[in-house]
*Asks:* 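Pasting a structure below so you can have a look.
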Amino acid sequence: MLRLKKELLAQIIKQCIKELPDEACGILAGREGVVEKVYEMTNADKSPASYLMEPREQLRVIKEIRNSGLEMAGIYHSHVASAAYPSSHDVELAFYPDASYVIVSLKDRDNPDVRSFRIKEGRILQEELKID
Amino acid sequence: MSLTVYINGKKEELKEPMTVSRLLELKHIRPEVVTVELNERIIARTEYQETALKAGDRLEFVYYMGGGNAN
């Protein structure tokens, strides 16, 4: 289960809408599955069909998370016109089995659909996303 | 001869001198999906085989974070 405060969820959705038509992405930092901070990241692909974080920015954020005593709880990105479900490309590039993979679907932009998954060895498991 | 390095902030004892390439192999990390930073400098994949680790080196490995709806 991943727990996310509604303010942080609102931040993520706002970013995803702001970055349209491209996909947005970011890192969730927290403790024991409770997200405490959202890091909005640059989509180096600048594409409506894919995202890729920039390695220097990734390294800076990962160290900052560690130095603040938190862990990388998850990775999020948007699907601008498809469902909130991992694509084959998402699965192929899921290298953190202990992290939550959160997908924001903007297929219906007035009602974004947000879901969280674990992706382990190519297997997709949806997990509960609790909004506090 | 062992040497101490720091990997993702954690102290690790390597049993023998080795290159970045060998370390990735021992940790079962595919070089094509990871960015390696050595002492605050990102090193190119072409350098992994020739870069020998020294005592006190600080390494960071981050896997690519990407994906999206491209099928």
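The shown structure was predicted, so the numbers you read here are calculated from the model rather than taken from an experiment. Lettering follows sequence order; numbering is per chain, from 1.
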*Asks:* With a 4.5 angstrom heavy-atom cut-off, is it the side chain or the backbone of A:Ile103 that approaches chain B, or both, or neither?
*Replies:* neither
*Asks:* Using the rule that Ile, Leu, Val, Met, Phe, Trp and Tyr join whenever any side-chain heavy atoms are under 4.5 Å apart, tell me whether B:Tyr63 and B:Ile43 fall into a single cluster.
*Replies:* yes
*Asks:* Please determine whether residues A:Tyr76 and B:Val62 belong to a single hydrophobic cluster, defined as Ile, Leu, Val, Met, Phe, Trp and Tyr linked transitively by side-chain heavy-atom distances below 4.5 Å.
*Replies:* no
*Asks:* Tell me whether B:Gln49 at atom CD has more than 12 heavy atoms from other residues, nucleotides or ligands lying less than 6.0 Å away.
*Replies:* no
*Asks:* Set out, in order, the CA-CA distance, both residues' side-chain angles and the distance that settles side-chain contact (heavy atoms from CB on, under 4.5 Å) for A:Met72 and B:Met65, then state yes or no.
*Replies:* CA-CA 12 Å; A:Met72 185 180 80; B:Met65 293 181 195; 3.5 Å; yes
*Asks:* Side chain, backbone, both or neither: which part of A:Tyr96 has a non-hydrogen atom closer than 4.5 Å to chain B?
*Replies:* side chain
*Asks:* Going hydrophobic residue to hydrophobic residue with side-chain gaps under 4.5 angstrom, can you get from B:Ile7 over to A:Ile65?
*Replies:* yes
*Asks:* Can you tell me if A:Asp90 uses its side chain to pair, donor with acceptor, with the backbone of B:Gly68 under 3.5 Å?
*Replies:* yes
*Asks:* Please list, chain by chain and in numerical order, all residues satisfying side-chain contact (heavy atoms from CB on, under 4.5 Å) with A:Asp108, sequence neighbours excluded.
*Replies:* A:Asp110, A:Asn111
*Asks:* Could you have a look at A:Glu54, A:Gln58, A:Met53 and say which one has the most heavy-atom pairs with chain B under 4.5 angstrom?
*Replies:* A:Gln58
*Asks:* In this structure, is the centre-to-centre distance between the rings of A:Phe95 and B:Tyr64 below 6.0 Å?
*Replies:* no
*Asks:* Decide whether A:Val35 and A:Ile27 are clustered together by the hydrophobic rule: side chain heavy atoms of Ile, Leu, Val, Met, Phe, Trp, Tyr closer than 4.5 Å, transitively.
*Replies:* no
*Asks:* Would you mind checking if A:Arg60 and B:Glu60 are paired as a salt bridge, meaning a charged N to carboxylate O distance below 4.0 Å?
*Replies:* no
*Asks:* Can you tell me which of A:Arg66, A:Arg56, A:His79 forms the most heavy-atom pairs within a distance under 4.5 Å of chain B?
*Replies:* A:Arg66
*Asks:* Which heavy atom in A:Pro55 sits nearest to a heavy atom in B:Ile42, and how many Å separate them?
*Replies:* CB-CD1, 4.3 Å
*Asks:* A:Leu2, A:Ile12: one ILVMFWY side-chain cluster at the under-4.5 Å cut-off?
*Replies:* yes
*Asks:* Does any heavy atom of chain B fall under 4.5 Å from the side chain of A:Met41, the backbone, both, or neither of them?
*Replies:* neither
*Asks:* What residues of residues 29-39 of chain B make heavy-atom contacts with chain A at a cutoff under 4.5 angstrom?
*Replies:* B:Arg30, B:Val33, B:Thr35, B:Glu37
*Asks:* Taking atom types as modelled, find out whether B:Asn69 and A:Ser82 have a side-chain donor-acceptor pair closer than 3.5 angstrom.
*Replies:* yes
*Asks:* Using a cut-off of 6.0 Å, state whether more than 12 heavy atoms not belonging to B:Glu13 lie near its atom CD.
*Replies:* yes
*Asks:* Does CD belonging to A:Glu121 count more than 12 external heavy atoms closer than 6.0 Å?
*Replies:* no
